[in-house]
Amino acid sequence: MKKLFLWLIRFYQREISPLRPPCCRFIPTCSAYALEAVEKYGAWKGGWLALRRILRCNPFHRQKSIEYDPVP
């Protein structure tokens, strides 16, 4: 399961992300955060951390500027 998640994230980073303008509100980007979280914590906890991060990366989040948010 972990290998599948890592493959999907890397596929997104190589194939889909370059087609979109940069829009992430966090440093590191959401995909880099997800990759590191899944590598460090595994598929379930890392996937949960990545999902929470992606849900916060939207225009309605109360944050106004770019925020540094590393993997715990």
Side-chain angles (χ1 to χ4, degrees):
M1 188 73 141
K2 179 179 174 179
K3 287 183 180 183
L4 175 65
F5 279 10
L6 292 174
W7 184 85
L8 288 171
I9 294 166
R10 287 187 183 115
F11 175 80
Y12 171 80
Q13 288 178 329
R14 278 180 284 151
E15 305 298 329
I16 298 170
S17 183
L19 302 175
R20 302 181 63 217
C23 61
C24 192
R25 323 179 137 251
F26 296 101
I27 297 172
T29 63
C30 294
S31 60
Y33 180 93
L35 189 66
E36 185 179 346
V38 171
E39 285 176 343
K40 186 173 182 179
Y41 292 110
W44 294 111
K45 185 175 180 183
W48 171 247
L49 290 170
L51 179 64
R52 284 183 39 210
R53 167 74 175 268
I54 291 168
L55 291 175
R56 286 186 293 145
C57 192
N58 63 63
F60 303 111
H61 184 65
R62 65 182 175 274
Q63 164 205 346
K64 298 295 181 197
S65 63
I66 294 178
E67 180 179 333
Y68 178 67
D69 183 28
V71 175

Lys2 and Val38 have their tightest heavy-atom pair at CE-O, 3.5 Å
Heavy-atom distance under 4.5 Å between the side chains of Leu49 and Lys40, does that happen here?
no
Is a salt bridge present between Arg53 and Glu67, judged by a nitrogen-to-oxygen distance below 4.0 Å?
no
CG-CG distance between Leu35 and Leu8, expressed to the nearest 0.5 angstrom:
11.5 Å
Report whether Tyr68 and Val71 are members of the same hydrophobic cluster (ILVMFWY, side-chain heavy atoms less than 4.5 Å apart, transitive linking).
no
Any side-chain to backbone donor/acceptor pair from Tyr41 onto Pro72? Under 3.5 Å, distance only.
yes
Assess whether side chain to side chain contact (heavy atoms under 4.5 Å, CB included) is satisfied between Ile54 and Tyr33, documenting all intermediate values.
CA-CA 10 Å; Ile54 291 168; Tyr33 180 93; over 6 Å; no
Just wondering, more than 12 heavy atoms not from Arg52 lying within 6.0 Å of its CZ?
no
Cluster check Ile16, Leu4: I/L/V/M/F/W/Y, side chain < 4.5 angstrom:
yes
Where Ala32 and Gln13 come nearest, the two heavy atoms and their spacing
N-NE2, 3.6 Å
When rounded to the nearest 0.5 angstrom, what is the spacing between CZ in Arg25 and SG in Cys30?
10.0 Å
Rounding to 0.5 Å, atoms CH2 (Trp7) and CZ (Phe11) come to a distance of 5.5 Å
